[in-house]
Structures are given as structure tokens and as C-alpha cells.
Protein chains: 2
Amino acid sequence: MGASARKHDVFQAIADPTRREVLRLLAEKERPISEISAHFPISRTAISKHLHILSEAELVRGKKAGRERIYQLQPEPLKELKQWLAYYEQFWDNKLQKLKYIVEEEIE
Amino acid sequence: MGASARKHDVFQAIADPTRREVLRLLAEKERPISEISAHFPISRTAISKHLHILSEAELVRGKKAGRERIYQLQPEPLKELKQWLAYYEQFWDNKLQKLKYIVEEEIE
DNA sequence: ATCATATATAACCTTTTGGTTTCATGTAAA
DNA sequence: TTTACATGAAACCAAAAGGTTATATATGAT
């Protein structure tokens with residue numbers, strides 16, 4: 001099998017608001033764990049676990065640098081989410097949206 | 001407060017694969033609970049709970065019809081997800097995607 | 001009226017989740 | 001070579017999630 005063998009998928013990874021906030025922080029720039037956890041009221045260990053879950057979903061990647069581990073955003077798996085969403089867009093569509101959808105299909 | 005006061009939000013609602021499958025079934029057509037639960041190996045009560053969660057997230061709506069309750073898809077809350085996603089699209093963008101993003105902004 | 005059907009609700013159980021504290025390890029700096 | 005720092009990992013905990021079975025209620029059919 002393939003990506004679906006992952007323990008934590010994208011849908012589950014982004015379900016938690018703390019993890020979404022972590023993603024937002026990493027979208028700005030790559031950061032070490034301590035810097036990330038400084039933005040939250042919870043422990044560094046808790047953030048570390050969230051990063052682990054995000055890692056499993058391949059939404060972030062950590063590279064070791066000295067005694068730190070720098071995490072960076074890895075947005076690719078969000079494409080799966082986008083694809084899932086695309087199916088439902090037809091249900092709230094107006095004409096411009098529909099046109100846009102057709103254009104997208106031709107691009108991809 | 002406002003919509004964010006909801007107990008279950010869209011992100012959490014779609015995190016569960018069973019609930020995503022329920023949404024897919026309701027995207028085809030509206031259905032009563034018994035018909036929905038016939039598609040799953042778990043109990044009708046379990047499905048009922050999933051529908052309750054989807055209801056809280058306003059992704060489905062149930063209307064009473066005789067002794068049945070017919071559920072239908074209510075896709076609007078997925079717009080929030082789309083908006084969230086749009087922010088991250090810039091990170092995997094190629095030029096065509098970027099152009100599309102600009103077009104979208106002008107439409108909405 | 002009685003019976004069957006469709007759902008609702010309650011009580012309960014197990015596993016997972018999100019958090020904690022404590023201790024260990026690797027690396028930088030004094 | 002100590003000492004400080006950044007992280008990793010283990011043990012533990014409470015609450016939430018996802019499921020069950022049993023019971024109650026409302027409505028359609030006989």
C-alpha cells in the first residue's frame with residue numbers, strides 16, 4: 001500500500017487548533033521547537049508531540065542543526081485535502097466558481 | 001463568540017473517515033438514517049452520533065418526515081476550510097496556480 | 001387498538017488524545 | 001571538563017471519541 005498506511009493522515013492532523021497554529025507559524029518561517037512552543041501556553045513536550053503528529057502526516061519536516069531541531073512546513077499533503085474539497089465545491093457553486101473549476105481541471 | 005462557539009467545528013467533523021463517507025453518501029442524495037447506516041458495518045446508533053456531530057458543524061441538516069429523519073448535505077461550512085487552505089496554496093504554487101489564486105480573489 | 005418501524009436517548013465500555021512531570025542524552029559554551 | 005541548554009522519551013493521567021446494548025417514544029400500517 002502507500003500513503004494511506006500512515007498512522008496520522010492530513011485530515012486528522014489539521015483537526016486540532018494547536019496544530020493548525022503550529023502550521024501557521026511554520027508557514028512564516030522555519031523554527032526550532034523551543035521557539036514554536038514559546039507561542040503556546042502548554043509545555044514544550046506537548047508541542048513536541050504535536051510536531052510528531054504533523055511529521056507523520058508529512059506536513060512538517062525537522063532537520064537537526066546542532067542541538068536544535070529546526071522544523072519547516074511541508075505543504076504537499078494539503079493537496080489531498082484540496083482534492084477532497086474540490087468534489088464538494090460543485091454544491092455551493094455559482095457560475096463563476098464553476099468556470100474557475102473547469103479552468104483548474106485544465107491546468108492540472 | 002459566534003460560529004466559533006460551536007462544540008464541533010468543520011475541521012474536527014471531517015477528521016473521521018466514517019463521517020467523510022457519510023458526507024459523500026449525502027452528496028449523492030438526501031437519505032434517512034437507516035439508509036445511511038446500511039452502508040456501514042457499525043450500529044445505527046453510532047451513525048446517529050456521527051450525524052449529530054456533522055449537524056453541530058452544520059455540514060448536514062435533518063428534516064423530519066413522518067417517522068423518518070431525512071438528512072441532507074449542507075456544504076457551506078466547507079468554505080471555511082477552503083479559505084484556510086487558500087493560504088497554504090501559495091507554498092506549493094507554480095505560476096498558473098498563482099494566476100488562478102489572483103483570479104479567485106477578484107471573484108470573491 | 002395493536003403492532004411494527006424509525007429514531008432518540010441513556011448508560012456503559014475501551015481506546016485515543018492531549019496534556020503533564022520526570023529523567024536521559026547530545027551538543028555548545030565557559 | 002563541567003555546566004547549561006535543547007530535545008527525546010517514558011510513565012502517567014483525565015477527558016473525549018467512538019463504539020456498544022437496552023430502553024423509550026413517535027408514527028405508520030393492520
Side-chain angles (χ1 to χ4, degrees), chain A residues 4-26 29-74 77, chain B residues 4-26 29-74 77:
Chain A
S4 56
R6 266 192 248 112
K7 190 177 171 193
H8 287 106
D9 66 12
V10 167
F11 292 92
Q12 211 226 317
I14 66 163
D16 183 88
T18 300
R19 285 195 291 269
R20 288 200 299 279
E21 183 64 11
V22 168
L23 289 181
R24 204 194 54 75
L25 287 170
L26 294 180
K29 63 170 190 233
E30 58 179 34
R31 306 175 193 255
I33 298 189
S34 52
E35 188 184 326
I36 298 170
S37 66
H39 286 79
F40 297 90
I42 61 181
S43 71
R44 182 195 45 74
T45 306
I47 295 297
S48 193
K49 283 191 189 176
H50 282 304
L51 284 166
H52 195 73
I53 289 169
L54 289 169
S55 258
E56 275 184 350
E58 291 175 58
L59 280 165
V60 304
R61 213 183 80 210
K63 59 182 179 190
K64 237 182 116 179
R67 58 183 160 184
E68 298 187 323
R69 177 173 294 273
I70 314 286
Y71 277 91
Q72 47 189 179
L73 181 68
Q74 204 113 55
Chain B
S4 56
R6 265 191 251 113
K7 190 177 170 193
H8 287 106
D9 66 10
V10 168
F11 292 93
Q12 212 225 317
I14 66 164
D16 184 89
T18 300
R19 285 196 291 271
R20 287 199 300 278
E21 183 66 8
V22 168
L23 289 181
R24 204 193 54 75
L25 288 169
L26 294 179
K29 63 170 189 229
E30 58 179 33
R31 306 175 194 253
I33 298 188
S34 52
E35 187 183 326
I36 298 169
S37 67
H39 286 79
F40 297 90
I42 62 181
S43 71
R44 184 194 46 72
T45 306
I47 295 297
S48 193
K49 282 190 189 177
H50 281 304
L51 283 167
H52 195 72
I53 289 169
L54 290 169
S55 257
E56 275 183 351
E58 290 175 57
L59 280 165
V60 304
R61 213 184 81 208
K63 57 182 179 190
K64 235 182 116 180
R67 59 185 158 182
E68 297 188 321
R69 177 172 294 275
I70 314 287
Y71 276 91
Q72 46 189 182
L73 182 68
Q74 202 115 56

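What you are looking at is a predicted structure, and each value in this text was computed from that prediction instead of being measured. Order of the sequence lines fixes the chain letters, A, B, ..., with proteins taken first and strands second; residue numbering starts at 1 for each chain. No hydrogens, no waters, no symmetry mates; every other heavy atom, side chains included, goes into these values.
- The side chain of A/Lys64 contributes no N or O atom lying less than 4.0 Å from OP1 or OP2 of C/dG26.
- Here D/dG18 presents its P atom at 8 Å from NE2 of B/His8, a figure rounded to the nearest Å.
- The backbone N or O of A/Ala13 sits less than 3.5 Å from a side-chain atom of A/Arg19, completing a donor-acceptor pair.
- One atom, CG of A/Asp16, and another, P of C/dT16, lie 18 Å apart when rounded to the nearest Å.
- The nearest whole Å value for the distance from the CZ atom in A/Arg20 to the C1' atom in C/dG18 is 15 Å.
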With a cut-off of 3.5 Å and sequence neighbours excluded, list every side-chain donor-acceptor pair involving residues 31-44 of chain B.
| residue | atom | partner | partner atom | Å |
| --- | --- | --- | --- | --- |
| B/Arg31 | NE | B/Leu25 | O | 3.1 |
| B/Arg31 | NH1 | B/Glu35 | OE2 | 2.7 |
| B/Arg31 | NH2 | B/Leu25 | O | 3.4 |
| B/Arg31 | NH2 | B/Glu28 | OE1 | 2.6 |
| B/Ser37 | OG | B/Ile33 | O | 3.4 |
| B/Ser37 | OG | B/Ser34 | O | 3.2 |
| B/His39 | ND1 | B/Glu35 | O | 3.1 |
| B/Ser43 | OG | B/Ala46 | N | 3.1 |

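- One finds no side-chain N or O of B/Gln12 lying less than 4.0 angstrom from the OP1 or OP2 phosphate oxygen of D/dA16.
- For C/dA8, neither phosphate oxygen OP1 nor OP2 lies less than 4.0 angstrom from any side-chain nitrogen or oxygen of B/Arg67.
- Atom pair A/Ile14:CD1 and C/dT17:P shows a separation of 15 Å (rounding to whole Å applied).
- Only A/Ile42, A/Ser43, A/Thr45, A/Ala46, A/Lys49, A/His50, listed by number, bring a heavy atom of residues 42-53 of chain A to less than 4.0 angstrom from any atom of DNA chain C.
- Atom CD1 of B/Ile70 and atom C1' of D/dT27 are 14 Å apart (whole Å).
- Rounding to whole angstrom units, CD of residue A/Glu35 and P of D/dA6 are separated by 12 Å.
- A/Arg69 places its CZ atom 15 Å from the P atom of D/dA6, with the value rounded to the nearest Å.
- Residues meeting the side chain to side chain contact (heavy atoms under 4.5 Å, CB included) test with B/Arg20, sequence neighbours left out: A/Asp9, A/Phe11, A/Trp84, B/Ile14, B/Pro17.
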